[in-house]
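Convention: sequence-line order gives letters A, B, ...; per-chain numbering from 1.
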Number of protein chains: 2
Amino acid sequence: MSELRDTLFRYLTLLQLIPRYPGRIATPVLKEKLAERGFRIDTRSLQRDLRDRLSVHFPLICDDSSRPYRWYFDRDFHCNLPALDVPSALTLVLAEEYLKGLLPPVVIDQLAPQFRDARGLLDDLAQNGLSRWARKVRAIPNGKALLPAPLSEATWQTVSEALLAQEAIRVTYLSRSAEKHRRYTLHPQGLVSRHSVTYLLATVNDYNDIRQFAMHRIVDVEGSDAPWRETVGFDLDDYIARGAFGYLQSREPVHLVANISPQTAWLLSETPLSRRQTLTALPDSDWQRLEADIPDDQQTLWWLMGMGANVDVQAPASWRREIYAAASTIVARGQAPDG
Amino acid sequence: MSELRDTLFRYLTLLQLIPRYPGRIATPVLKEKLAERGFRIDTRSLQRDLRDRLSVHFPLICDDSSRPYRWYFDRDFHCNLPALDVPSALTLVLAEEYLKGLLPPVVIDQLAPQFRDARGLLDDLAQNGLSRWARKVRAIPNGKALLPAPLSEATWQTVSEALLAQEAIRVTYLSRSAEKHRRYTLHPQGLVSRHSVTYLLATVNDYNDIRQFAMHRIVDVEGSDAPWRETVGFDLDDYIARGAFGYLQSREPVHLVANISPQTAWLLSETPLSRRQTLTALPDSDWQRLEADIPDDQQTLWWLMGMGANVDVQAPASWRREIYAAASTIVARGQAPDG
DNA sequence: ATAAAATGCGACAATTAGTGTCGCATTATG
DNA sequence: CATAATGCGACACTAATTGTCGCATTTTAT
């Protein structure tokens, strides 16, 4: 590390070492971390930097209730370098709208200051010409938005840190079948966010098989003293592909052939199902013939079913059979409700 | 504005005024902007700040090909204050995976430095304990991922800036029906990202009706001298609700009653359809009775159809009829393919 | 084409800001 | 209760920052 005797850069480093609110860092620790990075300065200087300089210009808060004072940023503060430009701010706003339906609220909250920053920038624009951007942009999510399962901030933080730090955790879990709490020691191996539910993949206690734990059913979590045990040979993509999440997916893509209605053809010409997709006009109708190589997964089948009568699947035969069977069942139920 | 004679803060302000690569800012402009913010300094000082100080420690690049020199940040540079913590970094990684299927690549690129930052942080963790985080987190998107329509960076930037600045633009547009280029003057009124296609809502030339323009079919765009014309009384939510994007949606939510299979019940207990949803056991079967107030939109209907035989809609009657009709059509086509 | 204005930059001196040290008060720690 | 840490005001010393001037070069306007 270069011999940096540069004050500005030291300030910047200092600001990067101080965490946002739930976190805090003590002055001596800061001094040490600065030293690690090549800034060997007196404690007195550090104190001056924090109290007289940085906290004047930044929302830095000092917890002086006990003696090594601890510093942290205001919960809401966020600053980008370089500053956000208008297109990026707009992107963030759209991203937020989409993500709201995909990730649990606490997870989104992690990025809240960024999103607030973006909205703030657009608001400032509005001051000049009352552009009221909020009325001008919308994201319409793909598919039915199910409500993300709520989840506590502490759970997310502890679990995600343990996963990456390769540490075992002790959890109280509300198991699905039995409606009662169980305590386990988990060895986290992976994390999967599916739709809006987040699952932790881990081995339990002394067992070696991977099990799924829905994060929102973790009632309580804390670090464990037990040494973390790696599951050798575990491959997350493999695990998912083998159908662990209802996404039974063969490695082989299938060749889809279907007749589709004009509206559907229009949709697919805009957003193709796959990179290689062909649409050709059918004789004697305004329908089109669709051919594409697509993954053989449940998602695709759901999508095809959702299109109802707009799609007439010709191949693969298994899909046609499945769709036909579902339709037959529905027809058998009759046109009027049961009662 | 306070009389800031503070060098550190001036440096930071300076850094915030300098845009990332595609952008650039000339020295005299910087001087002016600094003056606006209360930093009245000599041009010479500014030159020194940039060349001798900031560009030593930051990836600042100077375009000295023409005489008011222009400064900009390296395309890849990004710095968060306060620095990212592990849970936030993980959130960003998940967010990126989801957004890849929802927004055009160029739009995601706007946030690329942030995502890179997050991945970098996690990579650094890995150095210590080879945690190989990349193998540990996955996001499985909800619904069939259609491929986002590609779109040029310049288009996104120009259009989004014009929308918010309330300025007219001149576009060359590849209209859908006629396969030829047309030139229009557009007065942007709104932006809608739907699935993975982004639409600009604007009035054309001297007309007053709103039309939709798919951003990826805008071949070329530039600012226009024509004064921007506001469409009075235009309400984006209203426009969408009236079915402009195939999402015919009455303001009134409907009361859904349906019998659902055990698997579906399980899914809905995790991620409810709406905040007020009840699931009750049905007599003489393991199926359950679902009741929920949900929006009356196409998305929901698609979702219900996608569930196929797993859902037996009882009410509203219109949905039951629609699902029945679609199923009848499919059954009428027979079990074997046409050709 | 040519003059006038703008911009960049090296040098220098005046000023300002940053730094370590010391002493004392206050607060944890064992 | 003693000892070690920590915070902070004061002060002197050192280093950095700043405006000014002069000159070279480029841009712009005439």
Value for CG (L111(B)) from CG (L92(B)), rounded to nearest 0.5 Å, stands at 9.0 Å
Side-chain atoms of Q47(B) come closest, of dG8(C), dT18(D), dA28(C), to dG8(C)
### Query
Within the structure shown, what part of the strands sits under 4.0 Å from S66(A) by heavy-atom distance: base, sugar-phosphate, or nothing?
sugar-phosphate
Donor-acceptor under 3.5 Å (W228(A) side chain, P188(A) main chain):
yes
K31(A) NZ to dT19(C) P, in whole Å, measures 13 Å
On DNA chain C, more 5' by nearest nucleotide between S65(A) and D42(A) is D42(A)
So CG of L46(B) and CG of L14(B): to nearest 0.5 Å the spacing works out to 6.0 Å
D49(B) atom CG is separated from dG19(D) atom P, nearest whole Å, by 9 Å
To the nearest angstrom, the CZ-C1' distance between R53(A) and dT16(C) comes to 11 Å
Here the distance between atom C1' of dA17(C) and atom CD1 of I41(A), to the nearest Å, is 15 Å
L46(B) atom CG is separated from dC9(C) atom C1', nearest whole Å, by 13 Å
Polar side chain donor-acceptor pair, K33(A) to Q16(A), under 3.5 angstrom
no
If the cut-off is 4.0 Å, is T27(B) near the phosphate of dG8(C), judged by side-chain N/O to OP1 or OP2?
yes
Here the distance between atom P of dA28(C) and atom CZ of R70(A), to the nearest Å, is 10 Å
_Using a distance-only criterion (donor-acceptor N/O pair, under 3.5 Å, no hydrogens), is the base of dG19(D) paired with the side chain of R48(B)?_
yes
Per the under-4.0 Å heavy-atom filter, residues of residues 12-21 of chain A near DNA chain D come out as none
Side-chain contact check for P68(A): nearest option of dT18(D), dG18(C), dT6(D) is dT6(D)
Taken in chain and number order and not counting sequence neighbours, the residues that satisfy side-chain contact (heavy atoms from CB on, under 4.5 Å) with D42(A) are R44(A), S45(A)
Separation between CH2 (W156(A)) and CG (L103(A)), nearest 0.5 Å, reads 7.0 Å
When we call it a touch if two heavy atoms are under 4.0 Å apart, what does T43(A) touch: a base, just sugar-phosphate, or nothing?
-> nothing
To the nearest angstrom, the OH-C1' distance between Y69(A) and dA28(C) comes to 12 Å
Regarding the side chain of R67(A), the nearest nucleotide among dG8(C), dT26(C), dT19(C) is dT26(C)
The residue, P28(B) or R51(B), whose nearest nucleotide of DNA chain C is more 5′ is P28(B)
To the nearest 0.5 Å, atom OH of Y207(B) lies from atom NE2 of H187(B) at 12.0 Å
Is there a donor-acceptor contact under 3.5 Å from the side chain of S55(B) to the main chain of L50(B)? yes
Under 3.5 Å, is there any donor-acceptor pair linking the side chain of R44(A) to the base of dG9(D)? yes
Separation of dC9(C) atom C1' from D64(B) atom CG, nearest Å, is 13 Å
| Contact class for D52(A) (heavy atom, under 4.0 Å): base, sugar-phosphate, or nothing? | nothing
If the cut-off is 4.0 Å, is S45(B) near the phosphate of dG19(D), judged by side-chain N/O to OP1 or OP2? yes
